[in-house]
Protein chains: 2
Amino acid sequence: MSITTKKVIQIGVVSELTGLTERQIRYYEDRKLIFPDRSKGRVRKYSFEDIQKIMDIHTKLTDGYQTVELKRMLAGT
Amino acid sequence: MSITTKKVIQIGVVSELTGLTERQIRYYEDRKLIFPDRSKGRVRKYSFEDIQKIMDIHTKLTDGYQTVELKRMLAGT
DNA sequence: CGTGTAAGGAATTCTGACACG
DNA sequence: CGTGTAAGGAATTCTGACACG
């Protein structure tokens with residue numbers, strides 16, 4: 001596992017880096033588009049790669065796509 | 001600034017990754033050996049590079065060096 | 001000197017829900 | 001559908017101090 005895929009960043013930092021709200025970030029997870037790890041205390045941990053994905057997801061949503069469609073795209077179908 | 005120098009990791013994760021206690025990590029900062037960023041709420045943020053440094057510091061301490069000497073070494077003197 | 005610990009407070013995150021449109 | 005928000009609780013982190021040796 002490289003540095004880009006290591007899930008070590010908490011949602012507050014992800015929010016800062018992406019410019020999105022925690023609500024949006026959690027929603028993308030709810031929609032099965034991203035899969036952060038969890039600490040023992042249930043706290044979400046993201047990787048730099050996740051951050052890339054999140055920004056990509058948001059861009060696509062802005063472009064008019066829906067999360068269900070994005071999920072299909074990720075599945076490669 | 002690359003991914004390795006981006007300070008986004010909190011002390012709990014650093015503790016897990018290095019195997020050191022938060023006490024040790026904070027002490028190295030007190031001794032001016034590492035310089036984490038701070039969030040608005042005073043929470044420390046470390047980079048992957050910091051994690052490397054921390055492990056190196058601990059190894060050197062185990063080897064018998066003192067923090068003052070390590071500081072000199074970092075300063076290149 | 002480097003590290004452990006108990007103490008109390010502050011910042012951060014979590015979940016489930018109601019709201020809008 | 002995607003996102004905002006108020007609510008209460010839980011996990012995380014912070015500082016300063018006392019302890020040991």
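The chains referred to below are lettered A, B, ... by the order of the sequence lines, with proteins before strands, and numbering in each begins at 1.
- Only L61(A), Q66(A), listed by number, bring a heavy atom of residues 59-66 of chain A to less than 4.0 angstrom from any atom of DNA chain D.
- Smallest separation of non-hydrogen atoms from I25(B) and I34(B): O-CD1, 3.5 Å.
- Atoms NZ (K71(A)) and P (dG2(D)) sit 12 Å apart, rounded to a whole Å.
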Problem set entry | For DNA chain C, the dot-bracket pattern of Watson-Crick and G-U pairs whose distances stay under 3.5 Å, | for other-strand partners | .||||.||.|.|.||.||||.
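- A salt bridge links R26(A) with E22(A): at least one charged nitrogen is closer than 4.0 Å to a carboxylate oxygen.
- Straight-line distance from the CG atom of D30(B) to the C1' atom of dG16(D): 12 Å, rounded to whole Å.
- Between I9(B) and S47(B) the shortest heavy-atom distance is CD1-C, 4.4 Å.
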Exercise. Run the salt bridge (Lys or Arg N to Asp or Glu O under 4.0 Å) check on K60(A) and E69(A) step by step: do they pass?
Worked result: CA-CA 10 Å; K60(A) 295 237 173 66; E69(A) 304 178 282; over 6 Å; no
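- Rounded to an integer number of Å, the gap from Y46(B) OH to dT13(D) C1' is 10 Å.
- Applying the salt bridge (charged side-chain N to carboxylate O under 4.0 Å, His left out) definition to pairs two or more places apart or across chains, those involving residues 7-20 of chain A are K7(A)-D50(A), E16(A)-K40(B).
- Contact check of residues 19-29 of chain B against DNA chain C (heavy atom, cut-off under 4.0 Å) returns T21(B), R23(B), Q24(B), Y27(B), Y28(B).
- In this structure, the side chains of K71(A) and T67(A) stay at 4.5 Å or more apart for every pair of heavy atoms.
- Y46(B) has its side chain out of reach of V13(B): every pair of non-hydrogen atoms, C-beta onward, lies at least 4.5 Å apart.
- A close approach under 4.0 Å does not occur between any side-chain nitrogen or oxygen of R44(B) and OP1 or OP2 of dT12(C).
- Inter-residue side-chain proximity for F48(A) and K6(B) is flagged as met; some heavy-atom pair is nearer than 4.5 Å.
- Judged by distance alone, with hydrogens and angles left aside, the side-chain atoms of T62(B) form a donor-acceptor pair with the main-chain N or O of H58(B) at under 3.5 Å.
- A 4.5 Å side-chain heavy-atom check between V43(B) and K45(B) finds at least one atom pair inside the cut-off.
- If you check residues 5-17 of chain B against DNA chain D, the residues with a heavy atom closer than 4.0 Å are Q10(B), I11(B), G12(B), listed by number.
- Checking side-chain atoms of S15(B) against main-chain N and O of I11(B) turns up no donor-acceptor pair under 3.5 Å.
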Polar atoms only, N or O, under 3.5 Å: list the protein pairs with nucleotides 8-10 of chain D and their distances.
none

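- Side-chain contact between L61(B) and L70(B) is present, with at least one heavy-atom pair separated by less than 4.5 Å.
- The OH atom of Y28(B) sits 8.5 Å away from the OG1 atom of T18(B) when rounded to the nearest 0.5 Å.
- Two different hydrophobic clusters hold V68(A) and L33(A) under the rule that ILVMFWY side chains link at heavy-atom gaps under 4.5 Å.
- Between dT3(C), dC14(C), dG2(D), one nucleotide has an atom nearer to the side chain of R38(A) than all others, and that is dC14(C).
- Look at CZ on R42(A): it is 16 Å from C1' on dT12(C), rounded to the nearest Å.
- A salt bridge links E29(A) and R44(A); the closest N-O separation between the charged side-chain nitrogens and carboxylate oxygens is under 4.0 Å.
- Taking hydrophobic clusters as Ile, Leu, Val, Met, Phe, Trp and Tyr residues chained together by side-chain heavy-atom distances below 4.5 Å, I3(B) does not share a cluster with F35(B).
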